[in-house]
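Since the structure is predicted, the reported quantities are computational estimates derived from the model, not experimental observations.
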Amino acid sequence: MSNQEPCCPTEPVRDPLGRDEASMLAGAFKVLGDPVRLRLLSVIAAQAGGEACVCDISPSVDVSQPTISHHLKVLRDNGFVISERRGTWVYYRIVPSTLTHLTALLTEVAGTEVPA
């Protein structure tokens with residue numbers, strides 16, 4: 001047994017991620033880890049009023065319509081966007097609270113404050 005002091009402080013300065021938070025972050029990163037989904041979110045966010053018709057989204061992303069529909073469904077099922085049918089078109093809007101929650105968890109992990 002050694003009488004040497006530890007080289008590093010043993011007390012954490014903040015609580016580490018819990019199991020539920022880590023699972024939520026991993027799931028969010030999995031959803032956002034696809035470049036097509038990130039582009040779709042970007043196209044939606046770039047539109048006036050923060051919403052985009054699927055007819056506006058499709059030309060902006062160079063994949064087939066079924067692929068776009070699949071990725072929008074994944075984003076919708078995971079709470080990143082909501083959709084509303086208006087006649088024959090579907091409009092998509094980003095869910096700010098989902099991104100705010102994700103930002104808060106990431107800034108907590110980084111040990112910084114959430115920007116105002």
Side-chain angles (χ1 to χ4, degrees):
M1 194 153 125
S2 172
N3 289 334
Q4 291 180 337
E5 289 188 32
C7 66
C8 304
T10 58
E11 293 295 319
V13 294
R14 64 184 164 279
D15 291 335
L17 280 178
R19 189 171 284 152
D20 291 342
E21 291 170 321
S23 292
M24 194 284 295
L25 277 174
F29 285 136
K30 186 175 180 180
V31 171
L32 297 177
D34 186 286
V36 173
R37 291 186 200 130
L38 286 175
R39 289 187 64 211
L40 291 170
L41 282 176
S42 177
V43 169
I44 295 166
Q47 299 297 313
E51 73 174 10
C53 176
V54 74
C55 63
D56 296 324
I57 297 170
S58 298
S60 301
V61 183
D62 54 351
V63 295
S64 69
Q65 180 56 48
T67 300
I68 290 171
S69 294
H70 164 74
H71 287 297
L72 286 170
K73 180 182 184 323
V74 171
L75 289 168
R76 190 179 60 241
D77 289 349
N78 286 278
F80 286 95
V81 298
I82 56 173
S83 63
E84 178 185 342
R85 180 171 291 284
R86 297 181 196 158
T88 58
W89 296 108
V90 178
Y91 288 78
Y92 290 88
R93 196 169 318 124
I94 290 178
V95 178
S97 61
T98 300
L99 297 180
T100 300
H101 185 239
L102 185 59
T103 300
L105 283 174
L106 288 172
T107 53
E108 181 181 318
V109 168
T112 59
E113 294 184 24
V114 178

Practice problem: Would you check, one step at a time, whether the test side-chain contact (heavy atoms from CB on, under 4.5 Å) holds for Leu106 with Leu25? | Solution: CA-CA 8 Å; Leu106 288 172; Leu25 277 174; 4.1 Å; yes

Self-check item: Asp56 and Glu51: CA distance, side-chain angles, deciding distance, side-chain contact (heavy atoms from CB on, under 4.5 Å) verdict
Solution: CA-CA 10 Å; Asp56 296 324; Glu51 73 174 10; over 6 Å; no

Quiz prompt | Step-by-step salt bridge (charged side-chain N to carboxylate O under 4.0 Å, His left out) determination, Glu21 to Arg19 | solution = CA-CA 6 Å; Glu21 291 170 321; Arg19 189 171 284 152; over 6 Å; no

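Of the possible donor and acceptor atoms, none in the side chain of Arg37 sits under 3.5 Å from a partner among the backbone N and O of Leu72.
Residues Leu99 and Phe80 are in side-chain contact: their nearest non-hydrogen atoms beyond the backbone lie under 4.5 Å apart. Using a 4.5 Å heavy-atom threshold, the side chains of Arg76 and Ile82 count as separate. Contact annotation: the side chain of Ile44 never approaches that of Leu75 to less than 4.5 Å [non-hydrogen atoms, C-beta and beyond]. Between Leu41 and Leu32 the shortest side-chain heavy-atom distance falls below 4.5 Å. Side chains of His70 and Gln65 form no contact here, defined as non-hydrogen atoms less than 4.5 Å apart.
When the shell of 6.0 Å around CG of Asp20 is examined, it contains 12 or fewer heavy atoms from other residues, nucleotides or ligands.
Between Gln47 atom CD and Ile57 atom CD1 the span is 7.5 Å, to the nearest 0.5 Å. Interatomic distance, OH of Tyr91 versus SG of Cys55, reported as 6.0 Å (0.5 Å rounding).
Between the side chains of Thr100 and Ser97, no donor N or O sits under 3.5 Å from an acceptor N or O.
Between Asp34 and Arg39, no side-chain nitrogen of the basic residue sits less than 4.0 Å from a carboxylate oxygen of the acidic one, so the salt-bridge criterion is not met.
Smallest separation of non-hydrogen atoms from Val95 and Gly79: CB-O, 3.4 Å. Residues Thr88 and Arg85 come closest through the heavy atom pair O-NH1, 3.5 Å.
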